[in-house]
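Quick one: the structure is below, questions incoming.
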Protein chains: 2
Amino acid sequence: MANQAGSKSFLSLVEAVDNVPYDFDFSSLYQLLLPDDPRPHGFMLPSIVEKMPWSAEFEVDHKSRTVQLLDSSGGEHTLEACNSSFHTTIDAAIDQDLFASVHGKHSEMYRILGANQFTCLERFTASLFGIAARGAHLTAFVRTTGGLKIWIPRRSPTLFTYPDMLDTTVAGGVKADNTPFECIVAEADEEASLPADFVNKNTVATGVVTYLTRGKATSAIRPDVIYVFDIELPESIVPVPKDGEVAEFMLLSVDEVKGAMFRGEFKPNCNLVMIDFFMRHGIITPENEADYVEIAMRLRRKLPVPTVPSL
Amino acid sequence: MANQAGSKSFLSLVEAVDNVPYDFDFSSLYQLLLPDDPRPHGFMLPSIVEKMPWSAEFEVDHKSRTVQLLDSSGGEHTLEACNSSFHTTIDAAIDQDLFASVHGKHSEMYRILGANQFTCLERFTASLFGIAARGAHLTAFVRTTGGLKIWIPRRSPTLFTYPDMLDTTVAGGVKADNTPFECIVAEADEEASLPADFVNKNTVATGVVTYLTRGKATSAIRPDVIYVFDIELPESIVPVPKDGEVAEFMLLSVDEVKGAMFRGEFKPNCNLVMIDFFMRHGIITPENEADYVEIAMRLRRKLPVPTVPSL
């Protein structure tokens with residue numbers, strides 16, 4: 001449904017990221033299975049399954065389209081045993097530079113969200129295995145005499161992904177051994193120089209955005225979970241770039257943020273975080289947005305992988 | 001996953017209301033189809049389709065399991081033509097007292113949410129036709145020196161549904177010709193005597209809760225949309241019962257509300273509204289609730305009926 005800024009709509013911004021049809025046939029993909037757990041934790045493209053230099057602990061079955069991590073630890077599914085299988089495989093893939101999306105580089109550890117045993121693998125490879133990636137985004141806002149304003153960073157021109165684009169105030173992937181809140185506290189310092197004590201006391205957990213995205217380059221399907229947080233800043237606290245990932249911070253009005261969204265200036269998944277913020281703060285309402293219910297449901301897309309251990 | 005109050009969990013409270021399995025086979029039900037629109041707007045039990053005294057404008061096809069409202073207005077799908085078909089049918093059902101859930105009574109008009117033409121039918125019959133019902137809930141809270149507290153009403157002992165149970169501060173079904181906000185403004189006066197001017201200025205739209213519920217008595221499946229609103233009250237504004245639907249208002253702490261939820265004292269769908277409130281206000285967090293992501297997705301269940309017109 002067209003409304004703001006010509007033919008663009010908030011729903012179209014959501015659909016550009018949550019771009020896998022509801023009736024997508026997952027049976028065309030391979031299920032990634034962990035020991036003693038019948039639930040698929042990822043869905044992999046056949047082409048990636050073919051190419052992956054699986055270590056001996058993985059059993060690939062082309063008939064059932066499954067990649068089963070076998071119990072390689074004699075009944076004890078220890079963290080070490082489970083992870084070493086992934087590490088051996090991933091190390092080989094990186095050494096042989098098999099996947100363009102990994103850039104031949106090692107990256108920080110992500111956990112498999114619903115795994116019964118703490119299981120982790122490298123961030124850049126998450127989309128190859130089709131596991132759910134965890135991110136955390138903090139929106140910092142200020143109630144000014146001119147209305148609510150939001151601190152928006154412009155990403156550094158030297159970043160590998162989405163250089164020069166606009167972003168959520170503070171955002172990052174949640175490392176395997178961090179909680180979403182710990183991620184935000186660390187990134188608020190590293191990316192925005194926000195005072196740790198203030199962030200610790202005033203950051204509010206406000207929900208999640210979930211979506212299922214099909215990459216343009218690889219057509220791999222990646223479930224994403226973004227934990228969203230808000231923080232209200234006094235006008236006296238101003239975010240300042242620190243670690244080189246951010247070029248500058250701008251304090252934008254809601255209309256300025258909307259304009260930038262519809263002009264395509266935001267990193268695409270940040271549009272979803274902004275829309276969620278707008279819905280929670282009475283900016284997008286049932287009265288001004290025909291797609292209100294549809295957008296709300298899309299922002300919490302039911303993921304095809306578990307997010308809670310079954311044991 | 002068990003946690004608070006013994007074996008009860010927030011997720012179990014959600015699942016008690018959003019109680020239709022994700023893999024439910026809708027082909028066992030009849031689709032309710034409107035003129036020139038292939039999208040089903042409701043799913044009806046075969047036993048209800050059998051019993052309904054359909055007027056001539058409806059065509060029931062047992063092979064395709066559809067109930068098609070025919071164009072009875074010669075190409076112009078006018079409001080009058082469309083609605084009169086439902087009214088004739090519903091009047092007959094009420095006159096003959098065919099359905100226990102309707103209590104042989106007429107009720108206010110609900111609209112079919114995603115219908116291309118403005119189409120309405122009586123509230124008590126919404127679950128018979130399986131259309132999405134629209135509700136609106138307002139949570140009034142106070143930031144006291146003793147922490148955040150919530151105004152919780154106890155329903156009148158004389159109410160037909162859920163007498164004596166706890167409820168959201170202000171709640172009601174959204175009448176066909178009202179918006180959710182208009183519903184809240186009216187109900188805030190009628191149920192809680194809140195000053196209209198204050199409510200108009202300070203009520204914030206904060207999202208929706210959607211769920212799919214299967215009634216115990218009839219086993220009919222009803223999609224529900226609850227538009228949720230917040231209002232922060234100063235300690236000086238105290239809600240007072242007015243129209244006889246509320247017995248009393250109590251200002252409860254978050255822990256008192258949680259306790260009442262786990263003891264089963266709330267009208268069941270209000271638990272979902274409270275859980276949504278807790279998630280938006282940093283009370284339920286990713287750190288204190290293992291089912292966080294699962295609960296968030298369940299509170300925005302994708303409904304099987306459209307919520308936006310297709311024309």
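Residue numbers begin at 1 in each chain, while the letters A, B, ... track the order of the sequences.
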Item to check | salt bridge (Lys or Arg N to Asp or Glu O under 4.0 Å) partners of B:Asp18, counting only residues at least two apart | outcome: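 B:Asp18: salt bridge (Lys or Arg N to Asp or Glu O under 4.0 Å) contacts with B:Arg298, B:Arg301.
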Checklist entry - Just how far is it from atom OG1 of A:Thr210 to atom CZ of B:Arg300, taken to the nearest 0.5 Å? => result 9.5 Å
Checklist entry - Is B:Tyr292 reaching over with its side chain to a backbone N or O of A:Gly207, donor-acceptor style, under 3.5 angstrom? => result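 Yes, the answer is positive, given that a donor and an acceptor are paired below the 3.5 Å cut-off.
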Checklist entry - When heavy-atom pairs shorter than 4.5 Å are enumerated against chain B, which of A:Gly114, A:Ala205, A:Pro306, A:Pro286 gives the highest number? => result A:Ala205
Next on the checklist: Once salt bridge (Lys or Arg N to Asp or Glu O under 4.0 Å) is applied, do any residues pair with A:Glu232, and if so which ones, sequence neighbours excluded?
Outcome noted: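 With sequence neighbours excluded, A:Glu232 shows a salt bridge (Lys or Arg N to Asp or Glu O under 4.0 Å) to A:Arg143, given in chain and number order.
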Checklist entry - So which pairs with a foot in residues 302-311 of chain A pass side-chain hydrogen bond (donor to acceptor under 3.5 Å, both in side chains), sequence neighbours left out? => result A:Asn116-A:Ser310, A:Lys302-B:Glu294
Checklist entry - chain B contacts: which residues in residues 273-285 of chain A have a non-hydrogen atom closer than 4.5 Å to it? => result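 Counting heavy atoms that sit under 4.5 Å from chain B, the residues of residues 273-285 of chain A involved are A:Met279, A:Arg280, A:His281, A:Gly282, A:Thr285.
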Checklist entry - Which atoms of A:Tyr227 come close to chain B, meaning under 4.5 Å heavy atom to heavy atom: side chain ones, backbone ones, both, or neither? => result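 Contact with chain B involves the side chain of A:Tyr227 alone.
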Item to check | Heavy-atom contact with chain A under 4.5 Å, split by part of B:Leu303 | outcome: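 Backbone plus side chain of B:Leu303, per the 4.5 Å heavy-atom cut-off to chain A.
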Checklist entry - Is chain B contacted by the side chain of A:Thr179, its backbone, both, or neither, given a heavy-atom distance below 4.5 Å? => result both
Checklist entry - What is the minimum heavy-atom distance between B:Ala290 and A:Val308, and which atoms define it? => result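 Minimum heavy-atom separation between B:Ala290 and A:Val308: O-CG2, 3.9 Å.
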